[in-house]
Every structure is written in C-alpha cells, then in structure tokens.
Number of protein chains: 2
Amino acid sequence: MPRRHMDLKQLTALVTVAEVGSITKAARLLHLVQPSVTRQIRSLEDELGVSLFRRVASGMTPTPEGALFVERARRVLLELDRARAEIRPDPGGVRGVVTLGCSRAWSRSWPSRWCERWTSITPASSSGW
Amino acid sequence: MPRRHMDLKQLTALVTVAEVGSITKAARLLHLVQPSVTRQIRSLEDELGVSLFRRVASGMTPTPEGALFVERARRVLLELDRARAEIRPDPGGVRGVVTLGCSRAWSRSWPSRWCERWTSITPASSSGW
DNA sequence: TTTAGTTACGTAAGTCGTAATCATA
DNA sequence: TATGATTACGACTTACGTAACTAAA
C-alpha cells in the first residue's frame, strides 16, 4: 500500500481552498486545474483520516478539524517562507527585489527578526509549491 | 530549468543529516540510500541558492546559513507533527477497522461523495514522511 | 442547464536503487 | 586503500491535464 506523504503543495492548496471557498477558484490561483486540486485535498484527507471540508453545492466549507489544520498549515507555510528569505543569498542584489513592511522595531535595526508582521512581495518564486 | 519545489522529505533529510553529520548515517535512519539523500540535500541547495553544508572528509558540516535553516526546518516539522496530532481522529479507539459512515444521501446511490462526514480507517503512521 | 467536485486514464516528470566515479585521509 | 559524497542510468511511482461523470440548484 502506497503511503502518501504530506506535501507542501497540498498544504498550499488546502490554505488556498479554505480562503476562497472553492476548488475552482483555488485552482485558478494556483495555476492548476480542478482535478489536481481535488486530488491534493483528498489525499490530505486520506492521510489524516479526517474530512477537512464539507462539500456543499456552493463550494467548500471547512469542518472544525479542517479550520484548525488550515491555521496550522498557514503558519507553517509562512515560517518556511520567512526561513527562505532569511538565508536568501545576494540580499542587496538587483533581482527579485523584495519589499518588507514591519510594524515595529524597524527604526532600531534593519531588517529585524522581531517584527510583528511582515509583508513580503515575493516574485513568483515563493508563491507556488 | 525545471523549478524544483521544496518538499517535506527534503526538510526531514536536511535535519537528519545535520544531526548525524553524515549522509551515510542519515540514509540509514531514513531507510534510504546515500545517493537519494545526496540528491535531496542538493536540490534544496539548488532551490535556495545557498550551500547548506560544507563537505569535509569526515562528513557534512552545516554552514551558517545551513544551521539557521535547519533550525527553521526542525520547527516546521515539529509544528506539522503537532498539527497532525491535534486533529487525529479516533484518539482512543480501535484502530484498523474500516468504518464508512454517511449521514445523508446514501439511500440514493452508494457510495456517494456528498456525505456530510466520513470516517475511514487510518492505520497509524505519523512518524515518517 | 448550469455550476461545482470527482473519477478515469494516458503522458510527462520526478524519485528511487544499483553501479560506477570522484575526493580525501 | 578505505571512507564518504556524487553522478549516470534504468525502472518504478507519482502528478498533471484532458475528458467524461455525478450531484445539486
């Protein structure tokens, strides 16, 4: 029996579907096609053994477990994104200029790790898994 | 060039290699073979554009960027594990029994995908990716 | 009929393991 | 030579997209 293993693409799909409430819209955002997103969500549910969404005619509504897991997944993806940014080479380079917004502590040292919130405009690279 | 995308298996390999300081030993722990682990580390480095380890005769020593990223990766994997545990179904139940439950619409056609909730079996496998 | 999600299936891409190669003590 | 990492390559597995299907309004 092929043990499917959780994947970052699946987590991204999960978060996106939860945000837009629809596999169709999520697929467009992810530059994928409906069946692909369906499979990613389904394989996640299979692995976790939990139904993450309730399928209604209008789209996808998270179950309580789904909503909780979505929050965790969102955090994981965010941390991974930050981790990537932290060690990104060529920080002062020209390509892929990143704009960072920080609500606190930016006057002392810059950039600071202790921001309360970041906004990063990441070129296409960080968007898709 | 094919854009390789970060994978949880790669992160697991990264953390393991960093902990044991050797691809050979890490491969054994991961139930993989040397070249496979080598590729996972290399593709991570390629994607990040950073050298994560310094290759010395005795094994693998993390670079500063590598050490930092390993910490982040470790945290991510831990959080993901916790998230899985949080929503794990059937916490005290009998495992290994398949139960399909559908609260609705099962009288028309079976099986139906429009159930409000399913319960399906999941043999335990939270450990490995 | 329209909208949305799912399944079937062929093809493309990725991953693994074996074996050979390179580098260092 | 001995140890450990890397590359080459064939086989297997997985993931995508197209097309067809099912369910609900």
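Residue numbering restarts at 1 for every chain, and letters A, B, ... go by the order of the sequence lines.
Taking each heavy atom of A/V15 and A/V70 in turn, the nearest pair found is CG2-O, 4.1 Å. Across all their heavy atoms, B/L14 and B/A73 have their closest contact at CD2-CB, 4.0 Å. In this structure, B/A67 and B/P62 approach most closely via the heavy-atom pair N-CB, 3.9 Å. Pairing each heavy atom of B/T63 with each of B/S51, the nearest pair is OG1-O, 2.8 Å. Taking both residues in full, the closest heavy atoms of B/K9 and B/Q40 are given as O-OE1, 3.8 Å, listed atom of the first, atom of the second, then distance. Residue B/M6 comes nearest to B/E47 through the heavy atom pair N-OE1, 2.9 Å, listed as atom of the first residue, atom of the second, then distance.
Of all the residues in residues 15-24 of chain B, B/S22, B/I23, B/T24 reach under 4.0 Å from DNA chain D with at least one non-hydrogen atom. Taking every heavy atom of residues 28-42 of chain B and every atom of DNA chain D, pairs under 4.0 Å involve B/Q34, B/P35, B/T38, B/R39, B/R42, by number. Proximity of residues 55-65 of chain B to DNA chain D (heavy atom under 4.0 angstrom from any strand atom) is restricted to B/R55, B/A57, B/G59, B/M60.
Between A/E71 and A/R75 there is no salt bridge, since no side-chain N of the basic residue sits under 4.0 Å from a carboxylate O of the acidic one.
Between the CG atom of A/D7 and the C1' atom of C/dT15 there is a distance of 13 Å, given to the nearest Å. Rounded to an integer number of Å, the gap from NE2 of B/H5 to P of D/dA15 is 15 Å. The distance between atom CG of B/L44 and atom P of D/dA5, rounded to the nearest whole Å, is 17 Å. Between the CD atom of B/E47 and the P atom of C/dG14 there is a distance of 13 Å, given to the nearest Å. Look at CD on A/E45: it is 12 Å from C1' on C/dG5, rounded to the nearest Å. A/F53 places its CZ atom 16 Å from the P atom of C/dA4, with the value rounded to the nearest Å. Computed from coordinates, the A/D46 CG to D/dA15 P distance equals 12 Å when rounded to whole Å.
The hydrophobic cluster containing A/L29 also includes A/V20, under a criterion of side-chain heavy atoms closer than 4.5 Å among ILVMFWY residues, counted directly or through chains of members.
With sequence neighbours excluded, the residues that form a side chain to side chain contact (heavy atoms under 4.5 Å, CB included) with B/T24 are B/S22, B/R28, B/Q34. A search for side chain to side chain contact (heavy atoms under 4.5 Å, CB included) contacts involving B/L78 returns nothing, not counting sequence neighbours.
Although no hydrogens or angles enter the test, the distance criterion places no donor-acceptor pair under 3.5 Å between the side chain of A/E79 and the main chain of B/V76.
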